[in-house]
Amino acid sequence: MTTDIERRVGNLLDDSQGKGREHRVSSTASVEDGKQFPTSVNNIKPTSKLESDSAKEKLSAELKQKQEAMKGSDGLKAMLAFREQLPAFNVKSGFIKAMTENQVLVVSGETGCGKTTQLPQFILEEEISKLRGADCRIICTQPRRISAISVAARISSERGENLGETVGYQIRLEAKQSAQTRLLFCTTGVLLRQLVQDPQLTGVSHLLVDEIHERGMNEDFLLIILRNLLPQRPDLRLILMSATINADLFSKYFGNAPTLHIPGKTFAVAEFFLEDVLEKTRYNIKSEFENFEGNSRRRRRQQESKKDPLSELFEDVDIDSQYRGYSSSTRKSLEAWSGTQLDLSLVESTIEYICRHEGNGAILVFLTGWDDISKLLDKVKANNYLGDSGKFLVLPLHGSMPTINQREIFDRPPPGKRKIVLATNIAESSITVDDVVYVIDCGKAKETSYDALNKLACLLPSWISKASAHQRRGRAGRVQPGVCYRLYPKIIHDAMLQYQLPEILRTPLQELCLHIKSLQLGTVGSFLAQALQPPDPLAVQNAIELLKTIGALDDMEELTPLGRHLCTLPLDPNIGKMLLMGSIFQCLNPALTIAAALAHRDPFILPINRKEEANDAKKSFAGDSCSDHVALLKAFEGWKDAKRNGAERSFCWDNFLSPVTLQMMDDMRMQFLDLLSDIGFVNKSRGPSAYNQYSQDLEMVCAVLCAGLYPNVVQCKRRGKRTAFYTKEVGKVDIHPGSVNAGVHIFPLPYMVYSEKVKTTSIYIRDSTNISDYALLLFGGNLVPTNTGDGIEMLGGYLHFSASKSVLDLIKKLRGELDKLFNRKIEEPGFDINTEGKGVVAAAVELLHSQVVHH
DNA sequence: GAGCACTGC
């Protein structure tokens, strides 16, 4: 018997059939192989081209004349005197000589040596004075946006120019440069995008890649490309800049390129390890297992089965002989110390010790995360001595806390008041608190890793590297000599890794693999095998399999038409697909918003004392959608409305939202829209209404999410009064406590899609959207008939759907039509779905609104 | 019964 819904859907489908058949999907893709799409990213080439040689000569002469005139000006004399004090100044001629004689040069230099501001400037001055000013194009990459801007600004002022004249910058969605610009600072990501359009880096004379010691994925990726490019560009000069003395790795990678070391210039920072800190503070460490019977170290070892190698190493140390010169209370404390748990009371005592016994100056405490910071803040505020808010200004510093944009962090406190900053890794390189004199280092940081076997991203506190420890210590010596208190034994420090594992070995690789394909760099595997430290082949295989699953790569590992579109979007491939689906299925605005939020960062702030209220605000945005993605969408829409009414500030404050993040999302939406327009998916002249027919239809929005996020699917299984969640890869997972779906026991729909699954203390689904069977059947993975023929399988047989034959047939038919529509649009982006696909889409919407499939 | 390192196109 045909149900009402079947009849309605069937009618809608039949209406659309006639038209659909006349326009079979063409087998020839209109997107040609290898064709590179234009993108709206500003070109990093100069905006005007100098046609004739005589014009060039004239310009070169002008540049030289101007530079020499500036050198003699009074305003620049003081600046010059300052520059001459920098250690980099002493290597100027050696640097220029080495750079002239070698194609590749590796420069290492500690903080304060001036390599970032001086070396690019030396090149610029040299080129101009040699009358090559018109021809030179110097690019210097930075890993972070802020440093690209601030370094460019600094050099402009050192040259007595305005930013954007000969020195400029370009970061995503923001640039300051002109036809005169000869030295450009950009983020590594901007250069990598540029390489898609200009693989030869035409016109670039010198390229400096800064901060390569950080071993970020973009920088490691860029180095592979450059090593391949150099033989084709013999005139290009490459300068690699690293903060650590160990430049050998990079030198070897580039055929034993010469290295140049510049000594640093910072104040001395004294260093104390746990044993010394215990002597000073007289703090007694209590064993975590004091309550257990037979508190022996052996016993502890049995209890702590999951100890890390470093903490374990310390278990075997003979405390009494190793620390003979130390007091018995210190030895007792060392005996009780456990590397696995951070002792916040010890941190508190160390802060108190500094405040009571040491001179003025801010204290910077490195902790691992939100929880540590929050708990320590409570402790300090309750402390008899430190709790005096007239004497102490205690500030949390965390990427998701509201204090992140407050001036207080950087400002000098009033006399008699001491600033104490409780920070994560963010204070290691991203945020600099200048007046820090004391650093307390807990020795750990939360670090991502990638478990390729379980296809699982992990975020676990782990011991930092010696290089990080050195960097943290250096934060105390920016304005005067400082002191660093390390809350771990020297033995642990000596056993730390020299460097952190490079990011390319710690993260999923799907976006990188897509990028490699878009640059036509051969097979992914052979290309990545050329990396400084090649990733695990299994991690590469996982990435390729995912790209095949979502249809970005074909069986031959070549880009499909969909894959080529995804290459143009600066997004994770899943999110990019969601955006394309949104534009095809009339949910453009929600797709833009959700894509921007997922690609950038969560706009919800995590305040310290008002967690519950913040959670409630997020939940109220979600309404009854059971979706974190809808919460993001509604929050953004609310902000846009509030902004129109001039109520932005109070709206953000009341709803625990970050205005900075929301603004960035808004800008990113514009960029995505431009890119969709470039690839023909959106015709801007038709106005937003042409692409948003279903934008208010949450079922359709969730279906689009499903289309993009697949195969990130979770099964919701009723377990009595609660629901348990399962994934194909790792089995049982939990909803992250910060999700609007946390604490919900019963869900209206049987599945969730998610954008991120991370193992911390448990395996958590961070943001989820509850979806129906229909959403999965119409927009999820391919439908595979079961062996018995009475059902449908998906996700390699992990998901199973059964229904009456008539319903199954209807679904298969509708799905087939939707796929045709999708493929046609992918291959022919200008195709107007409204002319021929309206009926199919309407049928899909009709089905999504009914939820009656049996499991 | 609990939890949210950090960059970037």
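Order of the sequence lines fixes the chain letters, A, B, ..., with proteins taken first and strands second; residue numbering starts at 1 for each chain.
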Do Leu528(A) and Ile504(A) have side chains that get closer than 4.5 Å, going by heavy atoms?
yes

Using whole Å, what does the distance between atom P of nucleotide dT7(B) and atom NE2 of His600(A) come to?
9 Å

Ranking Ser400(A) and Met664(A) by the position along DNA chain B of their nearest nucleotide, the one closer to 5' is Ser400(A)

Quick check on contacts: within residues 141-154 of chain A, what sits under 4.0 Å from DNA chain B by heavy-atom distance?
Pro143(A), Arg144(A), Arg145(A)

Considering only residues two or more places apart or on different chains, which pairs with a residue in residues 367-377 of chain A satisfy side-chain hydrogen bond (donor to acceptor under 3.5 Å, both in side chains)?
Thr368(A)-Asp372(A), Asp371(A)-Lys375(A)

Checking Arg154(A) now: which residues fulfil salt bridge (Lys or Arg N to Asp or Glu O under 4.0 Å) with it, not counting sequence neighbours?
Glu158(A)

Which whole-number value in Å describes the distance from Leu569(A) CG to dG8(B) P?
20 Å

Donor-acceptor check, side chain of Asn655(A) to backbone of Leu657(A), threshold 3.5 angstrom: yes or no?
no

Over how many whole Å does the gap from Glu214(A) atom CD to dT7(B) atom P extend?
11 Å

Hey, which of these two, Asp572(A) or Gly399(A), hits DNA chain B nearer its 5' end, going by closest nucleotide?
Gly399(A)

Counterpart residues, salt bridge (Lys or Arg N to Asp or Glu O under 4.0 Å), relative to Glu211(A) (two or more places apart):
none

With sequence neighbours excluded, tell me which residues meet salt bridge (Lys or Arg N to Asp or Glu O under 4.0 Å) with Arg215(A).
Asp220(A)

Can you measure Asn741(A) atom CG to dC4(B) atom C1' for me and round it to whole angstrom units?
16 Å

For nucleotides 1-3 of chain B, tabulate all protein N/O to nucleotide N/O atom pairs closer than 3.5 Å, reporting atom names and distance.
residue, atom, partner, partner atom, Å
dG3(B), OP1, Thr761(A), OG1, 2.9

Any side-chain N or O of Arg601(A) below 4.0 angstrom from OP1/OP2 of dT7(B)?
yes

Determine whether a donor-acceptor pair (N or O, by modelled atom type, separation under 3.5 Å) exists between the side chain of Asp734(A) and the backbone of Tyr764(A).
no

Once you round to the nearest 0.5 Å, how far does CD of Glu447(A) lie from CD of Gln500(A)?
4.5 Å

In whole Å, I'd like the distance from the CD1 atom of Ile504(A) to the C1' atom of dT7(B).
15 Å

Base, sugar-phosphate alone, or nothing: which one does Ile171(A) contact when heavy atoms must sit under 4.0 Å apart?
sugar-phosphate

At under 4.0 Å between heavy atoms, what does Glu511(A) touch on the DNA or RNA strands: base, sugar-phosphate, or nothing?
base

Where does the angle between the aromatic ring planes of Phe681(A) and His565(A) fall among parallel (under 30°), tilted (30 to 60°) and perpendicular (over 60°)?
perpendicular

In whole Å, I'd like the distance from the CD atom of Gln170(A) to the P atom of dG8(B).
15 Å

In whole Å, what is the span from the CZ atom of Arg472(A) to the P atom of dA5(B)?
13 Å

Syn or anti for dC4(B), with syn set at within 90° of 0?
syn

Rounded to the nearest Å, what distance is computed from the CG atom of residue Asp372(A) to the P atom of nucleotide dA5(B)?
8 Å

